[in-house]
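Report on the following structure.
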Amino acid sequence: MLGLTDIRSLFAATATTGRGKEVRGFHRFMLGKLELTVVTDGHILMKPVQPNFAPGIAAAKVEQVLKDNFASRSEVDLGINILLVRSADKLIMIDSGCGSNFGKDSGWLIQNLANAGIKATEITDVVISHAHPDHIGGLTDQDGKVVFPNADIYLSRIEHDFWMSPSPDFSRSKLKDEALKKLVVEVARKNILAIRPHLHLVDDGEEILDCIKMQLAAGHTPGHCIIHVFSGAERLCHIADLVHSAVLVIEHPEWGFEGDTDFDLAVKSRKTVMEALAASRTTIFSYHLPWPGIGHVRRKGEGLEWVQQPSALPYP
Ligand SMILES: [Zn+2]
């Protein structure tokens with residue numbers, strides 16, 4: 001079975017030092033010869049549950065599932081889990097958090113990297129799963145200056161071309177909020193333009209940096225990629241924004257997510273990829289599921305369910 005053998009974990013939780021400085025946690029483990037670290041950029045409280053999730057599905061059905069799973073019926077709390085991969089000669093980060101775009105609940109990345117002993121200048125490469133603001137927004141600060149000056153940036157060619165086109169097509173999305181769409185386009189373009197000298201455009205299935213394979217899983221955005229991290233026989237699949245809630249869209253992938261650019265294509269990609277990950281028993285890393293975002297999927301009746309990898313969080 002593929003998995004995270006040779007795990008050595010270092011946990012730390014939110015704490016307060018004697019000087020009152022906030023210290024938030026990180027999670028560290030090995031994948032073959034790679035050292036993986038998870039830090040948080042914060043969280044996004046998404047409410048109400050509908051229509052953000054399951055737009056058009058009868059409220060009673062959705063409420064029953066939430067109730068059965070002891071989940072909040074008023075909101076879904078999205079983590080923002082950032083994965084770092086240290087190889088022999090690289091320090092790779094996957095996605096960059098929200099930056100200054102969404103207020104004080106997010107944008108903690110730099111502080112939390114420091115808590116994990118990592119400086120922004122040490123990051124050699126940043127792989128961007130897709131160009132939504134909670135993934136690309138941390139590449140620049142509020143003055144538009146690049147935050148990771150020594151990093152090469154990798155982004156799907158399809159994703160780049162979509163956001164840089166004169167008029168990105170949202171006609172297959174269920175998202176109605178025009179102001180939000182405008183913000184999303186602005187943040188994508190601002191960041192892509194700022195990092196252009198360091199930008200590498202990647203094609204579906206391409207392997208990069210000797211330990212990463214990008215796989216197109218379109219729908220959430222046209223160039224949305226999942227990211228396979230591998231070392232020898234061990235692998236982990238970073239599913240980016242294929243799912244935003246375990247009990248809603250893993251158990252009911254067809255219920256969907258309003259923020260998907262192509263709603264139906266996102267459902268199809270979600271089903272295909274999650275079924276494959278269940279069949280192969282692959283370890284999954286999720287950007288938005290609860291900290292530290294690590295788990296598996298397995299069969300449950302006709303569908304699938306998320307099995308979170310338990311983690312203890314002692315104070316440092
Ligand atoms: Zn996201």
Side-chain angles (χ1 to χ4, degrees), residues 38-47 49 51-55 75-84 93-103 105-109 112 126-140 153-156 158-159 162-163 168 170 173-175 177 180-181 183-188 190-192 214-227 237-246 248-250 253 255-263 265-267 269-270 273-274 284-295 306:
V38 188
V39 303
T40 177
D41 186 54
H43 72 143
I44 299 169
L45 215 45
M46 202 163 250
K47 53 184 167 184
V49 175
N52 283 307
F53 290 86
E75 63 197 23
V76 178
D77 196 3
L78 306 190
I80 311 171
N81 305 315
I82 312 275
L83 183 67
L84 292 112
M93 188 170 76
I94 302 179
D95 288 338
S96 67
C98 301
S100 58
N101 295 294
F102 290 119
D105 282 349
S106 57
W108 306 344
L109 175 62
N112 289 336
V126 183
V127 178
I128 298 291
S129 65
H130 66 294
H132 273 170
D134 55 321
H135 296 256
I136 201 170
L139 289 182
T140 56
I153 317 286
Y154 297 82
L155 177 69
S156 146
I158 295 169
E159 187 73 357
F162 175 75
W163 294 104
F170 292 99
S173 176
K174 292 188 189 284
L175 189 64
D177 186 338
L180 180 58
K181 283 185 216 170
L183 171 79
V184 166
V185 174
E186 276 172 10
V187 174
K190 172 191 157 193
N191 282 279
I192 288 170
M214 305 279 280
Q215 179 188 337
L216 185 67
H220 181 61
T221 62
H224 175 262
C225 285
I226 58 171
I227 294 149
C237 181
H238 185 311
I239 58 170
D241 276 23
L242 208 59
V243 299
H244 296 75
S245 158
L248 294 176
V249 291
I250 289 181
W255 283 4
F257 184 65
E258 192 186 47
D260 291 336
T261 306
D262 184 330
F263 187 88
L265 184 58
V267 169
S269 290
R270 188 176 300 124
V273 172
M274 298 313 278
I284 294 170
F285 179 84
S286 167
Y287 196 74
H288 286 306
L289 294 184
W291 173 264
I294 302 168
W306 172 249

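Just so you know, these numbers use all the heavy atoms, side chains as well, and skip hydrogens, waters and symmetry mates. Note that ligands are numbered from 1 as they come in the structure, with each ligand's atoms numbered from 1 the same way.
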Side chain proximity check, Trp306 to Ile284, heavy atoms < 4.5 angstrom |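 Yes. Closest side-chain heavy atoms under 4.5 Å.
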Which residues and atoms, protein N, O or S only, are under 2.8 Å from the Zn ion (ligand 1)?
->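 Under 2.8 Å from the Zn ion (ligand 1) - ignoring waters, which are not counted - the protein N, O or S atoms are Asp134 OD2, His135 NE2, Asp241 OD2, His288 NE2.
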Which atoms form the tightest heavy-atom contact between [X] and [Y], and what is the distance?
| X | Y | value |
| --- | --- | --- |
| Leu242 | Ala217 | CD1-CB, 4.1 Å |
| Ala218 | Ser269 | O-OG, 2.6 Å |
| Pro55 | Lys174 | CG-CD, 3.6 Å |

Please assess Asp41 against Tyr287 for the test side chain to side chain contact (heavy atoms under 4.5 Å, CB included), listing each intermediate value before the final yes or no.
-> CA-CA 10 Å; Asp41 186 54; Tyr287 196 74; 5.5 Å; no
With sequence neighbours excluded, residues passing ring-ring contact (aromatic ring centres under 6.0 Å, His included) with His244 =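 Expected list: His220, Phe257, His288.
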